[in-house]
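Working notes, beginning with the structure itself.
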Amino acid sequence: MDKIKLNGDFNGGVLSEAEQVEAEMASSNPAYFCIHNAMRRYQYAEAVAYAQGEEGAFARLPAMRFFYFYARFLHGQSLWIQNCEAPLDFAAVTEDDVKYSMKLKEEIKQEHLLNSLDPLMRYLYGVILRQLGLHALAQDQLILAIAEEPFMWCYWFELADCVMSTKDLTDVLSRVRPHWMRDFFLDRAYSALNMTEEAYGTCKYLRKTLFSNAAKLMEKVRIAEPARLDDMDFYSTVLDVRGDKVRLAKLARDLHDIDPFAPETNVAIANYCRIRDQRDKTIEHLTMAIRACPDAPLPWLLLGHEYTELKNFVRATASYQKVVELNPRDYKAWYGLGQVCENDKKYPQAAVYFYRSAQNGRFDSRVWNALGDVYDKMEQAEDACRAYWQAYQVGDKDDGAIFKLGKIYERDEKKEKMVQAYERYIEVCEETLNGNSNGKGKEDPNRPGFAYSDVSHAYLVVADAYYNNQRYTEARALALKAALYSPTDTDVKSFCESILEPGDPGFDERSVLEKTFQSEYTCMEQSLDEPT
């Protein structure tokens, strides 16, 4: 419901068509202005009181009927917050909340039988049905609303939240007529169902056909709609992840000027405070965002992250549980719960949470890595190997899942599998080195997941295996690389000395090899020490 905002916009003194209709309604019915003003101030009870005196205008002005029921709906949400002793604690929906929603549902249903429903009323009816868990009925109402007004993104947004399975999605697509807005709906629906490859394909198509850069697009949207609040909380999170302090500060300031109490504004300010390590202010603004819109999962999720950073695991658990209640398919919340349990050394419970996270976010290698780590701590080597292998399969390159897999095989003395795992790890490292990740032809030693000691160990183990299998040339090459990454490691030095002994096949003069080794080591050392 937070997709509908009552924010005015000015365009050089020229009223748009919607603003002209609004002006006509305000002039013909003064109560409309009072209701509009009360809702802008979040005084929903006051808006309901104004609307109740204008019930006779419902048939003549459908917008008045929508405002009446919409204000009542939001008033019920605000009452739930006011009646909670601790709104930030995890609490299930009470029986009174269900009764309130049921009463609204029955009244709108009666209104539908008497006067039929316009698209906005169908949208509100669908939202209430979704909250009551009647997803099939909600889909029916939202599809009818979309058929009349396909450009209303809030209709598509709520419809995506009603899709609970791929079967539901197939049924919905068969009933919705082709429209370019459907591609955006598909992206959201695929993401909600954790169909990452399909969502990526849709985004790639949209990127290719409609825009080339998401950040630039959002800036254009803000220029075209300077009073827009929708999705600005997600945009601020993107800027936070990118570490773009300048744009994030400007965005937070602009949103504060538009509406300082809106949840999107407080999330943007919280992200800016977080990037400046102001934890107290971050929690304060996230709390304000939650009070303004308690059903939005993003502020709860960010609040859980903050409490986890502060080692306040009790409140972090409550925040993550609230996200799971609002959206059971949010794999990041399940991942957060697993992290909390892992920090408390509750490994069996952490494994359950990480597994739920992996089910919903199966293409995120970090989840499978975490699951493998917990299984390894529980000494369940077989399960840990499966998790690490899955992490490698979905594209892990930073967390070293395949290296951890090799360590388990090495510990269990499964030499053949150990060598295969380390060979794959070496391939990943060499691909990374050749990828020019810092733009200067070499790997940044400070990048996450890149440990020289791990790379050296992998080279050493594989070199030893090759040497025992009489693959001397390959063994020497890998031994040299192991020494280049760990020149002070005594095990590496002793191994290199052993394979450089006179009389080894293929070695004529030890002095020549020593000079070659020293030359290659000097070149590598200079490249690693070169400033980026």
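Looking only at side-chain heavy atoms (C-beta outward), Asp171 and Ser174 come within less than 4.5 Å of each other. Within the 4.5 Å cutoff, the side chain of Asp259 has no heavy atoms near those of the Leu255 side chain. Taking the side chain as every heavy atom from C-beta outward, Ser236 and Glu264 never approach each other to under 4.5 Å. Side-chain atoms of Pro119 and Met152, non-hydrogen and from C-beta on, never get closer than 4.5 Å to each other. Between Asp254 and Lys250, the closest side-chain pair of non-hydrogen atoms falls below 4.5 Å. Side-chain contact between Leu301 and Ser319: absent, with no pair of heavy atoms (C-beta onward) separated by less than 4.5 Å. Proximity of Lys105 to Met102: side-chain heavy atoms (C-beta onward) are separated by under 4.5 Å at one or more points.
No donor-acceptor distance shorter than 3.5 angstrom exists from the side chain of Trp334 to the backbone of Ala358, with no hydrogens or angles considered. Counting only distance, with no hydrogens or angles, the side chain of Arg279 and the backbone of Arg274 share no donor-acceptor pair below 3.5 Å. In this structure, Trp300 contributes its side chain and Pro294 its backbone to a donor-acceptor pair below 3.5 Å. Side-chain atoms of Thr287 come within 3.5 Å of backbone atoms of Ile283 as a donor-acceptor pair (strictly under, hydrogens ignored). Between the side chain of Tyr320 and the main chain of Leu303, no donor-acceptor pair closer than 3.5 Å is present. Between the side chain of Glu342 and the backbone N or O of Val374, no donor-acceptor pair lies under 3.5 Å. Judged by distance alone, the side chain of Asp376 and the main-chain N or O of Gly372 form no donor-acceptor pair under 3.5 Å.
Electrostatic pairing of Lys281 and Glu284 does not count as a salt bridge here, judged by no charged N lying under 4.0 Å from a carboxylate O. Contact check on Asp373 versus Lys377 returns no salt bridge, with no Lys/Arg side-chain nitrogen under 4.0 Å from an Asp/Glu carboxylate oxygen. Using a cutoff of 4.0 Å between basic side-chain nitrogens and carboxylate oxygens, Arg72 and Glu107 are scored as salt-bridged. Between Arg122 and Asp118 there is no salt bridge, since no side-chain N of the basic residue sits under 4.0 Å from a carboxylate O of the acidic one.
Within 6.0 Å of NZ on Lys103 lie no more than 12 heavy atoms contributed by other residues, nucleotides or ligands. Heavy atoms of other residues, nucleotides or ligands lying less than 6.0 angstrom from CZ of Arg175 number more than 12. Other residues, nucleotides and ligands contribute more than 12 heavy atoms inside 6.0 Å of the CZ atom of Phe313.
Residue Arg228 comes nearest to Ile258 through the heavy atom pair O-CD1, 4.4 Å, listed as atom of the first residue, atom of the second, then distance. Residues Arg177 and Ala147 come closest through the heavy atom pair NH2-O, 3.2 Å. Taking both residues in full, the closest heavy atoms of Leu129 and Gln141 are given as CD1-CG, 4.1 Å, listed atom of the first, atom of the second, then distance. Nearest heavy atom pair, residue Cys162 against residue His135, reads O-CB, 3.8 Å. Nearest heavy-atom pair across Pro260 and Asn266 is O-ND2, 3.6 Å. Counting all heavy atoms, side chain and backbone alike, Ala391 lies closest to Ala401 at CB-CB, 3.7 Å.
Between Tyr70 and Phe66, the angle of the ring planes stays under 30°, which puts this pair in the parallel group of the 30/60° scheme.
Taking NE2 of His285 as the start and CD of Gln278 as the end, the distance is 9.0 Å to the nearest 0.5 Å. Atom CG in Leu117 sits 9.5 Å away from atom CD in Glu148 (nearest 0.5 Å). The line from CG of Asp383 to CG of Leu371 is 8.0 Å long, rounded to the nearest 0.5 Å. Put simply, OH on Tyr307 and CG on Leu302 are 12.5 Å apart, with the number rounded to the nearest 0.5 Å. Note that the CD atom of Glu149 and the SG atom of Cys154 stand 8.5 Å from one another [nearest 0.5 Å]. Atom CG of Leu104 and atom CD of Gln131 lie 10.0 Å apart (nearest 0.5 Å).
Taking the ring pair (Phe, Tyr, Trp, His ring centres under 6.0 Å) definition, one finds that Phe354 meets it with Tyr335, sequence neighbours left out. In this structure Trp368 satisfies the ring pair (Phe, Tyr, Trp, His ring centres under 6.0 Å) test with no other residue, sequence neighbours excluded.
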Working for side chain to side chain contact (heavy atoms under 4.5 Å, CB included), residues Leu169 and Phe185: CA-CA 10 Å; Leu169 181 58; Phe185 159 76; 4.0 Å; yes

task: For Asn360 and Asp330, run side chain to side chain contact (heavy atoms under 4.5 Å, CB included): C-alpha distance rounded to whole Å, both residues' side-chain angles, the deciding distance at 0.1 Å, then the answer.
output: CA-CA 7 Å; Asn360 291 287; Asp330 192 324; over 6 Å; no

task: Please step through side chain to side chain contact (heavy atoms under 4.5 Å, CB included) for the pair Thr317 and Leu337, ending with a clear verdict.
output: CA-CA 6 Å; Thr317 300; Leu337 287 170; 3.9 Å; yes

query: Taking it one step at a time, do Lys404 and Asn369 satisfy side chain to side chain contact (heavy atoms under 4.5 Å, CB included)?
result: CA-CA 9 Å; Lys404 297 174 185 177; Asn369 257 305; 3.5 Å; yes

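Ring to ring, His256 and Tyr272 are not that close: their centroids are 6.0 angstrom or more apart.
Sorted pairs that involve residues 345-361 and meet salt bridge (Lys or Arg N to Asp or Glu O under 4.0 Å), not counting sequence neighbours, are lacking altogether.
Test Phe157, Tyr155, Phe69, Trp153 against Tyr123 for ring pair (Phe, Tyr, Trp, His ring centres under 6.0 Å) and you get one pass: Tyr155.
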